[in-house]
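Structure first, then comments.
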Amino acid sequence: MSFEVGGPEMAPHTPQRSARPGEPGARLEAGLAASCPLPLTGADRILLGHGSGGKMTAELIARCFLPAFRNEVLEKLDDQAVVEINGVRLAFTTDAYVVTPLFFPGGDIGDLAVHGTVNDLAMSGARPLYLAASFILEEGFALADLDRIVASMRKAAEAANVLIVTGDTKVVDRGKADGCFITTTGLGVIEHARAISADRARPGDVVILSGPIAEHGMAIMAARADLELETPVASDTAALHRLVLDVLATGADVHCLRDPTRGGVATALNELAHRSAVGIVLDEAAIPVSEPVRGVCELLGLDPLYVANEGKLLAIVPEADAARVLEAMQRHPEGRQARVVGVVVQDDARLVVMKTTVGGRRIVDMLQGEQLPRIC
């Protein structure tokens with residue numbers, strides 16, 4: 001995917017800066033730089049950047065997976081596949097979780113695996129029904145930690161009203177799996193007639209964000225760096241299907257839904273703009289970022305637009321439906337701070353552009369390389 005620069009006032013934004021020696025983020029950045037510098041193009045090996053959810057992920061899918069598995073369902077590249085069987089529309093998705101650390105402020109790999117898969121189903125407007133869970137465990141992993149993870153998954157599944165109905169377990173040699181990896185697969189039923197997909201954004205639509213961004217990614221990074229924060233940052237991991245179903249119950253013509261996980265809001269909006277062949281103009285002043293999260297981002301030299309979320313969604317809807325969608329979201333615990341953050345425009349270049357707080361404009365490109373490895 002390529003983007004053209006519109007002029008000197010719209011230079012592509014660089015999503016991170018380097019911490020200066022002695023700053024709290026310097027030790028963490030040094031470790032990241034050693035493992036995942038900005039990758040060179042034409043690599044003949046898998047790099048961390050291929051798992052970023054950004055440009056390198058898109059290139060890997062286009063190079064390897066789409067040609068091998070090409071079909072009309074896969075080519076939609078939504079968060080889930082929507083298939084119809086005997087007149088019933090089903091949503092089907094799968095996701096792997098390799099987050100480190102396994103336990104972090106606000107959650108752990110267990111509830112994250114449930115919430116993430118439930119949310120991928122929800123982005124089609126589906127009601128989640130069943131999950132499968134596969135565990136890859138490292139020899140020597142503490143059973144007490146596994147019990148804690150499984151209990152967290154059970155609690156999250158019960159709260160989301162889904163059943164974990166099947167699964168698998170494999171054990172690998174010590175040092176080969178970093179404790180525990182989880183893959184979850186989800187099945188849900190679509191009980192409405194809307195076609196919610198990444199290719200349905202239209203000029204004149206508005207972009208709604210359900211709440212403050214970057215909380216999950218910054219909770220993980222603060223935990224990794226052992227940062228002692230005056231106001232701790234906790235992950236926003238949460239199931240969003242009830243929020244989505246409440247929005248659909250208003251009768252609004254929802255065009256697109258996306259949960260901005262890896263690569264953050266910036267990457268998710270670039271995906272939508274590309275798939276729908278439109279441009280998106282964001283209002284920087286409207287994008288909610290809590291002060292503790294903003295502080296950690298500044299400390300580590302990261303742009304919150306590119307940081308992962310696990311309990312937020314983006315909705316693209318006609319302007320005429322925006323008020324009732326916002327009202328429905330703001331009645332919900334996971335959407336109380338929802339707001340309009342941008343508009344969809346005609347743009348053959350398919351750019352995402354930010355109107356800055358100082359009156360300028362800048363291009364918000366898709367994430368390059370890997371900013372935050374193993375965030376989910």
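Side-chain atoms of V244 and L257, non-hydrogen and from C-beta on, do get closer than 4.5 Å to each other. Between P105 and P232, every side-chain heavy-atom pair lies at or beyond the 4.5 Å cut-off. In this structure the side chain of V171 never reaches within 4.5 angstrom of the side chain of E138, judged on heavy atoms. Inter-residue side-chain proximity for V88 and V189 is flagged as met; some heavy-atom pair is nearer than 4.5 Å. A 4.5 Å side-chain heavy-atom check between M153 and I109 finds every atom pair outside the cut-off. Contact annotation: the side chain of T267 approaches that of E271 to within less than 4.5 Å [non-hydrogen atoms, C-beta and beyond]. Between S235 and E215 the shortest side-chain heavy-atom distance does not fall below 4.5 Å. Within the 4.5 Å cutoff, the side chain of I208 has no heavy atoms near those of the L314 side chain.
Crowding of F141 atom CZ: a count of heavy atoms from other residues, nucleotides or ligands under 6.0 Å exceeding 12. By the neighbour-count criterion of 12 heavy atoms within 6.0 Å, atom CD of E84 is densely surrounded, having more than that number from other residues, nucleotides or ligands. Within a 6.0 Å sphere centred on CD of E191, other residues, nucleotides and ligands contribute more than 12 heavy atoms. For D253, the CG atom sits in a packed shell: over 12 heavy atoms of surrounding residues, nucleotides or ligands are nearer than 6.0 Å. No more than 12 heavy-atom neighbours from other residues, nucleotides or ligands sit within 6.0 angstrom of CZ on R63.
S276 contributes a side-chain N or O that, together with a main-chain N or O of A198, makes up a donor-acceptor pair within less than 3.5 Å. Between the H115 side chain and the A157 main chain, no donor and acceptor come within less than 3.5 Å of each other. Checking side-chain atoms of N309 against main-chain N and O of A214 turns up a donor-acceptor pair under 3.5 Å. Proximity of a side-chain donor or acceptor of N119 to a complementary backbone N or O of A238 within less than 3.5 Å is detected. Under a 3.5 Å cut-off, the side chain of T93 and the backbone N or O of Q80 do not form any donor-acceptor pair. Side-chain atoms of R89 come within 3.5 Å of backbone N or O of H192 as a donor-acceptor pair. D259 contributes no side-chain N or O that, together with a main-chain N or O of T261, makes up a donor-acceptor pair within less than 3.5 Å. A distance-only check finds a donor-acceptor pair linking the side chain of T184 to the backbone of A113 [under 3.5 Å]. Using modelled atom types, no side-chain atom of H50 and backbone atom of I46 make a donor-acceptor pair closer than 3.5 Å. The backbone N or O of G54 lies less than 3.5 Å from a partner atom in the side chain of S52, making a donor-acceptor pair.
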Under the side chain to side chain contact (heavy atoms under 4.5 Å, CB included) rule, what do Q330 and R336 come out as? Steps first, then yes or no, please. CA-CA 4 Å; Q330 290 168 353; R336 289 199 178 106; 5.6 Å; no
Worked check of side chain to side chain contact (heavy atoms under 4.5 Å, CB included) between L243 and S210: CA-CA 9 Å; L243 174 62; S210 65; 4.2 Å; yes
Assess the residue pair I375 and E310 against the criterion (side chain to side chain contact (heavy atoms under 4.5 Å, CB included)); give the C-alpha distance rounded to whole Å, side-chain angles, the decisive distance to 0.1 Å, and a yes or no. CA-CA 10 Å; I375 211 73; E310 290 292 345; 5.7 Å; no
Given side chain to side chain contact (heavy atoms under 4.5 Å, CB included), test F104 with H216 step by step and report yes or no. CA-CA 9 Å; F104 46 84; H216 175 72; 3.9 Å; yes
For the pair S134 and T183, evaluate side-chain hydrogen bond (donor to acceptor under 3.5 Å, both in side chains) and give the outcome as yes or no after the intermediate values. CA-CA 5 Å; S134 174; T183 296; 5.3 Å; no
Show the numbers, then the answer: is there a side-chain hydrogen bond (donor to acceptor under 3.5 Å, both in side chains) between D108 and S152? CA-CA 8 Å; D108 56 58; S152 178; 3.0 Å; yes
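The minimum heavy-atom distance linking R258 with P260 is given by the pair O-CD, 3.5 Å. When all heavy atoms of P318 and V206 are compared, the pair lying nearest together is O-CG2, 4.5 Å. Residue A286 comes nearest to V341 through the heavy atom pair O-CG1, 3.6 Å, listed as atom of the first residue, atom of the second, then distance. Closest approach of A266 and V364 over heavy atoms only: CB-CG1, 3.4 Å.
Using a 4.0 Å cut-off between charged side-chain N and carboxylate O, D321 and R324 make a salt bridge. Salt bridge R350/D348: absent, no basic N to carboxylate O contact under 4.0 Å. Looking at K312 and E334, no side-chain N of the basic residue comes within less than 4.0 Å of a carboxylate O on the acidic one, giving no salt bridge.
To the nearest 0.5 Å, the span separating CZ on R200 from CZ on R275 amounts to 13.0 Å. The line from OG of S290 to CD1 of I213 is 9.5 Å long, rounded to the nearest 0.5 Å. Distance check, rounded to the nearest 0.5 Å: CD of E158 to CD1 of I164 gives 9.0 Å. Of the inter-residue distances, the one linking L74 atom CG with K76 atom NZ reads 11.5 Å to the nearest 0.5 angstrom. The distance from the CE atom of M218 to the CZ atom of R294 is 13.0 Å, given to the nearest 0.5 Å. Summarising the geometry, atom CZ belonging to R374 is positioned 15.0 Å from atom OH belonging to Y97; distances are rounded to the nearest 0.5 Å.
When only modelled atom types and interatomic distance are considered, H255 and D205 share a side-chain donor-acceptor pair under 3.5 Å. No hydrogens or angles considered: a donor-acceptor pair under 3.5 Å links the side chains of S197 and D78.
There is a path of hydrophobic side-chain contacts, each under 4.5 Å, that joins M329 to V340. Under a hydrophobic-cluster definition in which Ile, Leu, Val, Met, Phe, Trp and Tyr are linked whenever side-chain heavy atoms come within less than 4.5 Å, directly or via other members, F69 and I61 are assigned to the same cluster. Linking Ile, Leu, Val, Met, Phe, Trp and Tyr residues whenever their side-chain heavy atoms come within less than 4.5 Å leaves F135 and Y130 in two separate clusters. V162 and L121 end up in different hydrophobic clusters when Ile, Leu, Val, Met, Phe, Trp and Tyr side chains are linked at under 4.5 Å. Under the 4.5 Å side-chain heavy-atom criterion for grouping Ile, Leu, Val, Met, Phe, Trp and Tyr, V307 is connected to V207 within one hydrophobic cluster.
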